[in-house]
Amino acid sequence: CAVDRRVNEIAKLFPDRIMFVDFDEFCTNPRDRCRDILHFCGRAFKGAMIEEFAKTVQPPKSVGRFRNEDVVDLDPSDLNYVRSRGYPTD
């Protein structure tokens, strides 16, 4: 969480230069996330390009694996931080 906190502080200084992408969301919804990334970068794109790209995304088996882990050993302040970033912890 310390690294994520630091990156967030830097992102506040350069909000138009840093975009956060949820990896699990990208893997489950590559078309929309790819559109978001291209839009953020100011790049033009065609629907066919997005479709071709989306076909190449192969989510790894690790997607969502955190749901199988017990959070009892994690620092409560870290868990609160993760929740504040919009990620589920249970």
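Note that SG of Cys34 and CD of Glu51 are 10.0 Å apart. Values are rounded to the nearest 0.5 Å. Taken to the nearest 0.5 Å, the CG atom of Asp32 stands 7.5 Å off from the CD atom of Glu25.
Residues Val3, Ile10, Leu13, Phe14, Ile18, Phe20 make up the rest of the hydrophobic cluster containing Val7, defined by ILVMFWY side-chain heavy atoms closer than 4.5 Å, directly or through other members. With side-chain heavy atoms closer than 4.5 Å counting as contact, directly or through intermediates, the hydrophobic cluster containing Phe23 also holds Val63. Hydrophobic cluster of Val71: the remaining members, joined at side-chain heavy-atom separations below 4.5 Å, are Leu74, Leu79, listed by chain and number. Tyr87 forms part of a hydrophobic cluster together with Val82, judged by ILVMFWY side-chain heavy-atom separations under 4.5 Å.
Annotation: side chain of Arg33 is not in contact with side chain of Asp22 (no heavy-atom distance under 4.5 Å).
Look at Asp78 and Arg5 and you find a salt bridge, because one of the NZ, NE, NH1 or NH2 atoms lies within 4.0 Å of a carboxylate O, short of that distance.
Shortest non-hydrogen contact noted between Pro59 and Cys27 is CG-O, 3.4 Å.
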Let me check something: any side-chain donor-acceptor pairs from residues 38-50 under 3.5 Å, sequence neighbours excluded? List them with distances.
none

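Residues in residues 7-20 take part in these side-chain hydrogen bond (donor to acceptor under 3.5 Å, both in side chains) pairs, two or more places apart or across chains: Asp4-Asn8, Asn8-Tyr81, Asn8-Arg85, Glu9-Lys12.
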